[in-house]
Amino acid sequence: MTRRVLPGLPGTLGFTLFYLTLMVLLPLSALVIRASGIGFGGFVTQIATPRVLAAFRASFGIAALAAFIDTFLGLLVAWVLVRYRFPGRRLLDALVDLPIALPTAVAGIALTELYAENGWFGGPLAALGIHVAFTPLGIGVALAFVGLPFVVRAVEPVLADLDRDVEEAAATLGASPWQIFRRVILPPLWPALLTGFTLAFGRGIGEYGSVIFIAGNMPGVSEIVPLLIVVKLEQFDITGACVLGSLMLLASFAIMLTINALQSWSQRRLGN
Amino acid sequence: MATSLSRAALIGLTFLLLLVFLVAPLALVFIRAFGDGPDLPITALQEPDALAAIRLTLLVAAIAVPLNLVFGLAASWAIAKFRFPGRSLLVTLIDLPLSVSPVVSGLVYVLVFGAQGLFGPWLGAHGIKIVFAVPGIVLASVFVTLPFVARELIPLMEAQGRLEEEAALTLGATGWQTFRRVTLPNVRWGLLYGVLLCNARAMGEFGAVSVVSGHIRGLTNTMPLHIEVLYNEYNLPAAFTMAALLALLALVTLAAKSLLEWHLGDEPSTSSR
């Protein structure tokens with residue numbers, strides 16, 4: 001019964017492998033080869049400068065913070081979309097994907113104008129002494145914007161599959177809404193929440209277009225790693241760009257592995 | 001009573017959150033573009049550099065989308081209809097461009113084709129320019145849009161199984177006829193959505209294209225890159241006009257997605273993360 005009845009495997013698989021090798025593996029291996037030629041000492045010299053370290057701190061720190069906030073906001077949005085039926089729900093659902101569909105440069109200039117000191121939100125916030133545009137806070141706003149859909153879409157299906165009977169049983173047994181949320185709803189959601197956080201974080205550390213307009217791009221303060229790669233390329237510092245680029249690539253791999261691990265954890269949990 | 005109150009509060013809070021966080025930037029783009037009447041945007045779109053940027057963006061999408069459509073069909077056929085060792089690795093590899101920073105996606109092409117790159121000396125000797133020219137922009141766009149069609153089709157084709165195809169073959173259809181008459185109609189809506197997503201990203205990509213473009217006005221600036229140029233020149237009406245065009249494209253893509261989900265039933269799409 002294992003005989004292949006459907007035709008076309010050699011052709012389609014061959015083309016897939018050829019195309020992936022040409023378009024993805026060859027370019028990425030160029031980076032790996034180039035970076036491995038630099039050597040450990042070279043890496044350390046490139047990284048151990050205040051500007052590079054500050055860029056990594058800014059990128060990873062702000063991306064983590066934005067993903068953390070997105071986890072709460074995303075849980076709220078997913079909860080409302082899954083649990084309630086109300087007019088405008090479909091529109092709300094479509095809107096969630098806006099940050100993925102909107103080109104990053106468009107999001108970048110729109111957020112900058114919105115949060116600049118003469119902007120709709122920037123003006124009132126500045127009156128309160130909160131400056132968003134051209135500060136690290138602005139980077140956080142942009143990263144929270146692009147990361148939100150990842151949490152919502154990660155949590156939504158798991159939330160929809162939750163067994164409502166258990167919640168009702170808990171309520172009958174006298175649990176308060178908060179207890180039901182913490183003891184019944186939250187535990188099975190953990191893998192999905194962590195997946196959403198990791199996806200939003202991964203998108204955040206690599207994000208470029210929506211950040212550079214609002215960031216102010218001050219070296220050491222509001223300069224992100226992707227921008228520093230571009231700066232190094234513009235200065236013809238290919239080695240420096242390779243060191244930073246290969247570290248970002250490594251981070252991407254680590255994030256992909258984490259998500260795969262989280263997903264198999266989630267499947268094991270839901271399987272039980 | 002308490003639950004219906006908290007329900008209303010949570011729905012209200014979500015509306016407010018999405019209004020402030022997502023709708024406000026979108027509304028700002030259109031208001032800044034068209035708020036002072038149609039004259040400014042119309043003049044802005046007649047600028048030669050703006051027209052060149054639109055043409056280049058259309059050209060890039062016209063190359064990248066068909067290429068990745070063919071790839072998506074081939075990859076999803078092989079991955080969804082067959083079992084072979086290394087299959088899940090292949091899926092991971094297809095997803096890779098989504099996980100890599102756009103800037104790194106551009107950087108790798110500079111390392112392959114740039115003056116100091118792998119093939120740089122050879123290309124230079126033969127007078128072929130790839131990076132900081134249109135071919136580099138096309139390559140970077142193909143890279144970043146590579147997963148979209150494939151990752152829409154793989155789950156769909158997997159869910160459909162292979163029984164219908166096997167039946168068609170048993171009844172004497174050729175492999176190609178089976179694909180065209182059975183497989184393709186079954187996945188047409190997912191295919192359409194994948195193409196739309198691929199197209200939206202191809203036209204809107206900024207980071208990867210920015211690294212390989214060289215930013216030559218009228219020659220190697222796509223629409224998103226031209227937005228940056230206009231914005232940095234404080235030509236805000238023109239920048240937001242161009243941005244409004246791309247935002248419109250994003251809205252069409254979102255509307256298509258909603259229509260598609262409506263078509264397939266009320267289940268929220270889980271295939272696109």
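A note on names: the letters A, B, ... follow the listed sequences, proteins ahead of strands, and every chain is numbered from 1. Excluded from the calculations below are hydrogen atoms, water molecules and symmetry mates; all remaining heavy atoms, backbone and side chain alike, are included.
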### Donor-acceptor side-chain pairing of A:Glu113 and B:Tyr231 below 3.5 angstrom
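A donor-acceptor contact under 3.5 Å links the two side chains.
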### Task
Classify the side-chain pair B:Glu165/B:Thr183 by whether it contains a donor and acceptor separated by less than 3.5 Å.
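A donor-acceptor contact under 3.5 Å links the two side chains.
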By a 4.5 Å heavy-atom criterion (distance strictly below it), what part of [X] contacts chain A: side chain, backbone, both, or neither?
X: B:Leu249; answer: neither
X: B:Arg32; answer: side chain
X: B:Leu169; answer: side chain
X: B:Asn199; answer: neither
X: B:Val110; answer: side chain
X: B:Leu26; answer: side chain
X: B:Thr92; answer: both
X: B:Ile227; answer: side chain
X: B:Leu246; answer: both
X: B:Val104; answer: side chain
X: B:Leu19; answer: neither
X: B:Pro97; answer: side chain
X: B:Leu10; answer: both
X: B:Leu146; answer: side chain

Heavy-atom pairs under 4.5 Å with chain B: which of [options] has the most?
options: A:Leu31, A:Ile255, A:Val96; answer: A:Leu31
options: A:Ile205, A:Ile238, A:Val80; answer: A:Val80
options: A:Arg203, A:Met248, A:Met23; answer: A:Met23

Using heavy-atom distances under 4.5 Å, tell me whether [X] contacts chain B through its side chain, its backbone, both, or neither.
X: A:Leu233; result: side chain
X: A:Ala241; result: both
X: A:Pro99; result: side chain
X: A:Ile212; result: side chain
X: A:Leu17; result: side chain
X: A:Leu91; result: neither
X: A:Leu148; result: side chain
X: A:Ala251; result: neither

Quick one: [atom1] on [X] to [atom2] on [Y], what's the gap to the nearest 0.5 Å?
X: B:Met223; Y: B:Leu245; atom1: CE; atom2: CG; answer: 4.5 Å
X: B:Ser101; Y: A:Leu247; atom1: OG; atom2: CG; answer: 12.5 Å
X: A:Phe213; Y: A:Thr104; atom1: CZ; atom2: OG1; answer: 8.0 Å
X: B:Leu28; Y: A:Leu111; atom1: CG; atom2: CG; answer: 9.0 Å
X: B:Leu230; Y: B:Phe240; atom1: CG; atom2: CZ; answer: 11.0 Å
X: B:His215; Y: B:Thr222; atom1: NE2; atom2: OG1; answer: 9.0 Å

### Query
Side chains of B:Lys257 and B:Leu196: closer than 4.5 Å at any heavy-atom pair?
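SC-SC contact between B:Lys257 and B:Leu196 ruled out.
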Do you know which of [options] has the most heavy-atom pairs with chain A at a distance under 4.5 angstrom?
options: B:Val103, B:Leu13, B:Leu67; answer: B:Val103
options: B:Phe71, B:Trp77, B:Phe113; answer: B:Phe71
options: B:Leu93, B:Val211, B:Asn232; answer: B:Leu93
options: B:Val112, B:Ile94, B:Leu254; answer: B:Leu254

### Task
Applying side chain to side chain contact (heavy atoms under 4.5 Å, CB included) between A:Leu98 and each of B:Leu22, B:Thr253, B:Val23, report the one that passes.
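The passing option is B:Leu22.
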### Query
Any idea how A:Phe15 and A:Phe18 line up, ring-wise: parallel (<30°), tilted (30 to 60°), or perpendicular (>60°)?
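Rings of A:Phe15 and A:Phe18: tilted, 30 to 60°.
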### Message
Can you tell me how the ring of A:Tyr84 sits relative to the ring of A:Trp79, calling it parallel under 30°, perpendicular over 60° and tilted otherwise?
### Response
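Because their plane-to-plane angle is over 60°, the rings of A:Tyr84 and A:Trp79 count as perpendicular.
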### Message
Set out, in order, the CA-CA distance, both residues' side-chain angles and the distance that settles side chain to side chain contact (heavy atoms under 4.5 Å, CB included) for A:Phe145 and A:Leu102, then state yes or no.
### Response
CA-CA 11 Å; A:Phe145 174 84; A:Leu102 197 67; 4.3 Å; yes
### Task
Start with the C-alpha gap between A:Ser266 and A:Thr195, add the side-chain angles, then the distance that decides, and say whether side chain to side chain contact (heavy atoms under 4.5 Å, CB included) holds.
CA-CA 9 Å; A:Ser266 164; A:Thr195 303; 5.9 Å; no
### Message
Can a donor-acceptor pair be found, under 3.5 Å and without considering hydrogens, that links the side chain of A:Ser59 to the backbone of A:Val225?
### Response
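Pair found, side chain donor or acceptor close to backbone of A:Val225.
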### Task
In sequence, state the C-alpha distance, the side-chain angles, and the governing distance for B:Leu90 and A:Leu20, and then conclude on side chain to side chain contact (heavy atoms under 4.5 Å, CB included).
CA-CA 9 Å; B:Leu90 206 56; A:Leu20 276 176; 3.7 Å; yes
